[in-house]
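Heads up: the structure comes next, in structure tokens.
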Amino acid sequence: MKENKHTPCCSIAPPDLLARLAIEGSHEQQEAAVRALATSAAMRSQRAVVGRLNRQFNLNMGQMMGFTISADRKLTVYDTQNNGRTFLPGVRIRGWGEPAVEDQGVNEAYDGSSATYDFYHDVLQRDSLDGAGMELISSVHYGVGFDNAFWDGGQMVYGDGSGRIFQVGALTRALDVIAHELTHGVTDYTAGLIYSKQAGALNESLSDVFGSLVKQYSLKQAAADADWLIGEGTLVPELGKALRSMSHPGTAYSGDRQPGHMDDYVDLPDDNDPRNDNGGVHINSGIPNHAFYLAATALGGYAWEKAGKIWYQTLVARLRPNTQFDEAAQATVDVAGEMFGAAEQNAVRNAWQEVGVLT
Ligand SMILES: [Zn+2]
């Protein structure tokens, strides 16, 4: 049972936002928030078990569960037709290389996972999430007006959004949301960072880092020109502009508690209260997020060319399940020196010093 306590539950909606809306929101928001929280909680144990098996035995659970394997890139989108988890993955709608269909959500999940695959393949020379061509499985139209998207340890799942918390259809429209969730798969297969406190905040931050990089890469956008927002335009406008801001942590939505400096670190217990967010994993991730933003903008050019490669190499080769902020920071500094040189190493060290993680 101990492992379940630290189970990654990788849904995109900030749990403290859902919890606040469940308590203080309008009647309609309360109803939507409670539904999103309840379903996310139910996914936790499945994700823990699948993720652990993937890592320990190097199994592809997608294959073991009998999903279709197509030639070339393995990517399939299913429709859960507004059913719940017992119906996953749902009805097969579109596989790799098959033409676009009428359903926009299916096409967006297809395009978003394909773009994420391309980024990992072309920029980081990684073949899918497990590095061995694992099939990318997505299921859309999960639940009824479900306000969340998540990686369950074996596949991606997207709700339609209720229009009360998330805009209808927004969760498949946002490429960085898709890449964020899929990166949880990469982290599961590599560092295996536990989803609790600082290690969990590093896990969350890495998903934001590569989520933002996949978006920047698809737009061919330099670090200086990126918006550094995660899930821009996914929330209903009265709640805020995005889920997180890497350049200005704490400003993405109303009630955003993300710090951008260790002086403001929010020390929360890892209990089952969604307001405490597994010990602040979506909250304190603002600190390593801001360090990445500072390093990437200081290095200039395209963020994936240097900063992204440094963070990726650190993720796959240096981080461990319980790595803390200061250890991760030092690891990126070391990797920057090994991969590039003194100037890059200084830029990375300065970034972590600016957020108070290194002295
Ligand atoms: Zn996440």
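Side chains included, hydrogens not; waters and symmetry mates left out as well; all remaining heavy atoms used. Because the structure is a prediction, the values reported are computed rather than measured. First listed ligand is number 1; within each ligand, the first listed atom is number 1.
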E204, N/O/S atom nearest the Zn ion (ligand 1):
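Closest to the Zn ion (ligand 1) among those atoms: OE2.
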
Taking the Zn ion (ligand 1) as the vertex, how big is the angle to NE2 in H180 and NE2 in H184, rounded to 10°?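 Result: 100°, to 10°.
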
### Query
Taking the side chain from N107 and the backbone from V101, do they hold a donor-acceptor pair closer than 3.5 Å?
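A pair under 3.5 Å: yes.
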
| Is T80 reaching over with its side chain to a backbone N or O of Y142, donor-acceptor style, under 3.5 angstrom? |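 Present.
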
(message) Is H282 close enough to the Zn ion (ligand 1) that one of its N, O or S atoms comes in under 2.8 Å?
(response)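 It does not; every qualifying atom lies at 2.8 Å or beyond.
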
Considering only distance and modelled atom types, tabulate donor-acceptor pairs under 3.5 Å from the side chains of residues 323-331, sequence neighbours left out.
unit_1: T323; atom_1: OG1; unit_2: R320; atom_2: N; d: 2.7
unit_1: T323; atom_1: OG1; unit_2: R320; atom_2: O; d: 3.2
unit_1: Q324; atom_1: NE2; unit_2: N322; atom_2: O; d: 3.0
unit_1: Q324; atom_1: NE2; unit_2: N322; atom_2: OD1; d: 3.3
unit_1: E327; atom_1: OE1; unit_2: Q324; atom_2: N; d: 2.7
unit_1: Q330; atom_1: NE2; unit_2: D334; atom_2: OD1; d: 3.0

Of all pairs that satisfy side chain to side chain donor-acceptor pair (under 3.5 Å), the ones with a partner from residues 286-307, not counting sequence neighbours: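 For residues 286-307: S205-N289, D208-N289, K306-E344.
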
